[in-house]
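Start at 1 and go down the list; that is how both ligands and their atoms are numbered.
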Amino acid sequence: MNKPTELPTPVTGKQKMTPSEAFVETLVAQGVSDVFGIVGSAYMDALDLFPLAGIRFISVAHEQGGGHMADGYSRVSGRHGVCIAQNGPGITNFVTSTAAAYWAHSPVVVITPETGSGTLGLGGFQETEQLPIFSKITKYQAHVNNRARMAELTARAFDRAHLELGPTQLNIPRDFFYGDIECEIPKPLTIERGAGGEKSLDDAASLLASARFPVILCGGGVVMANGQAEAVKLAELLQAPVACSYLHNDAFPSKHPLWCGPLGYQGSKAAMKLIGQADVVLALGTRLGPFGTLPQHGIDYWPKHAKIIQVDADPKMLGLVKSITVGICGDAKAAALALIARLHGRSLASQANQAERLSKVKAEKAAWEGELDGWTHEKDHWSLEQSKASSHMHPRQMLRELERAMPDGAMVSTDIGNICSVSNSYLRFDRPRSMFAAMSFGNCGYAFPTIVGAKVAAPDRPAIAYVGDGAWGMSFGELQTCVREEIPVTAVVFNNGQWGAEKKNHVDFYANRFVGVNLDKQPSWAAVAKAMGAEGHRIEKLSDVGPALRAAAAAQRDGKTTVLEMMVTRELGDPFRRDALALPKRHLAKYQSTVAR
Ligand SMILES: Cc1ncc(C[n+]2csc(CCOP(=O)(O)OP(=O)(O)O)c2C)c(N)n1
Ligand SMILES: [Mg+2]
């Protein structure tokens with residue numbers, strides 16, 4: 001990969017430059033080394049400077065893919081992810097990826113050159129109002145209203161993405177790249193976040209000291225704050241079991257004896273049963289999102305009478321979804337350290353029953369592992385019928401094999417789909433910044449481009465995407481990017497010949513009246529991969545799953561991208577939205593046959 005060998009330094013001092021130079025030098029000052037996008041005339045004057053500025057332009061297949069790559073890049077590195085495109089259609093292609101980054105809290109800077117200021121509003125070529133479109137999916141929008149402010153506003157878009165923990169937009173009328181200005185390149189702001197208010201930390205420490213069954217729930221905030229080691233220390237001090245919030249399985253090391261696995265859809269029963277017994281929950285770096293705390297496996301686990309301490313860097317998240325006893329507006333790492341300092345040497349009520357609690361943790365974890373070992377396939381009527389008629393692999397067994405073969409230090413992105421969701425039970429990590437799920441925006445097509453971006457930021461780590469075949473149809477175009485730009489990754493594509501997650505709703509609620517859920521006449525995805533210049537293998541047997549994953553991950557070191565097409569049955573795990581669907585009710589005579597009698 002053509003990475004710049006050393007990070008370049010920006011020009012210093014007030015001086016004459018063009019707005020393009022001011023823009024590019026501000027990117028340099030912000031430490032930008034990689035930008036994802038598709039070339040366009042709107043910003044060509046600035047693009048022309050990228051190579052000499054030491055910025056790699058990664059040319060993608062679709063702007064949505066570029067936006068997700070910027071997201072994956074920022075999630076693994078903690079640095080800004082940056083994407084750019086042509087005004088109008090190039091920019092509207094960023095909408096989905098920006099919304100996804102918004103809900104992943106990723107500091108992505110979406111650069112949106114717009115139609116020229118001299119013709120704005122006349123309905124010329126590639127014109128649309130670019131600020132309203134992104135207004136609800138960005139944390140901040142900078143509009144360059146004067147070419148002299150190019151550096152100032154560019155810098156602010158970068159600073160705000162970190163300060164507000166989410167994507168920002170930098171909108172630039174295309175004619176404003178040209179001209180002469182006098183300016184100085186701003187230095188990036190580095191603002192330290194604190195632990196939270198003294199009184200709320202004192203109150204939280206008292207609650208934790210008096211807790212007889214404390215449980216810690218670690219969320220994405222722990223990952224973003226680089227606070228995993230501090231979360232471990234706090235858990236060890238309290239000897240408290242630790243659950244991870246939904247799709248943040250990398251927030252606490254899975255090999256640690258206090259780790260219990262994730263809450264939420266297809267999460268760990270051990271985590272659910274243990275948090276259900278808590279008298280005090282410390283929710284560390286989590287907004288306690290509504291989808292992530294829904295009852296699962298028939299267990300309504302959220303402890304109704306427990307005292308809840310919530311730590312979040314965004315004050316608006318405190319007490320928003322769940323009632324809380326103490327809210328701490330602070331950084332998860334700093335708050336964990338402040339709580340450790342307050343609890344150190346203090347007598348802890350939980351010490352009295354420590355042995356009993358720890359044996360419960362051990363027993364619940366063993367029970368869940370045993371259940372997973374025995375849960376080789378789904379057991380509902382539809383699934384049994386489907387797998388009876390098939391020689392393909394059961395998805396759960398295939399996922400267990402992938403788990404066992406997962407290389408050290410792997411980064412795994414997961415898409416939205418039935419099999420990807422079931423994989424939540426089998427994804428365990430020992431280092432943070434390893435799991436990149438589609439989070440609460442939940443868009444199909446997220447996982448593959450996101451892992452491509454992650455690989456650019458962490459080229460030495462194995463990069464693996466889990467993708468359903470429907471979602472693969474949306475995103476496989478980015479194989480071109482992998483091959484062209486030499487970004488080697490592994491895509492594990494689950495071929496069940498259906499939009500399975502939605503089909504499950506047809507099965508459960510609509511008496512198997514299938515509309516638009518079967519993916520018939522699909523190409524061989526392994527053959528498509530080969531035709532596109534990548535490696536492709538069709539995996540039919542369980543015994544081939546692990547060796548294939550290991551070989552594909554090893555091939556990344558030789559620069560090879562591999563698609564592993566897993567042939568699996570059409571059986572389906574529990575549905576996503578049992579909470580939000582209802583059996584059909586019809587008033588019109590012509591639709592009566594759709595009502596169950
Ligand atoms: C962009 C987008 N379109 C549609 C949906 C609705 N949806 C959710 S899951 C799903 C099916 C996913 O199918 P596939 O990727 O084949 O995975 P499977 O469920 O079969 O494992 C669909 C269509 C969505 N979440 N995102
Ligand atoms: Mg599918």
Quick test of your reading of the model: are Asp250 and Arg428 salt-bridged, counting only N-O distances below 4.0 Å?
no

Considering only heavy atoms, which protein residues lie less than 4.0 Å from any atom of ligand 1?
Ile416, Gly417, Asn418, Ile419, Gly442, Asn443, Cys444, Gly468, Asp469, Gly470, Ala471, Met474, Asn496, Gln498, Trp499, Gly500, Ala501, Glu502

Ion pair check, Lys560 and Asp558, cut-off under 4.0 Å:
no

Phe476 versus Pro523: any side-chain heavy-atom pair under 4.5 Å?
no

Salt bridge check, Asp408 against Arg550: does any charged N sit closer than 4.0 Å to a carboxylate O?
no

Compute whether any side-chain donor of one residue and acceptor of the other, for Asn171 and Glu114, lie under 3.5 angstrom apart.
yes

Do Gln266 and Asp574 meet the criterion of a side-chain donor-acceptor pair at a distance under 3.5 Å?
no

Identify whether the distance between the nearest side-chain nitrogen and carboxylate oxygen of Glu371 and Lys273 falls below 4.0 Å.
no

Do Arg396 and Glu571 meet the salt-bridge criterion of a basic N to acidic O distance under 4.0 Å?
no

Under 2.8 Å from the Mg ion (ligand 2), the protein N, O or S atoms found are Asp469 OD1, Asn496 OD1, Gln498 O

Taking atom types as modelled, is there a side-chain donor on Arg287 or Ser440 under 3.5 Å from an acceptor on the other?
yes

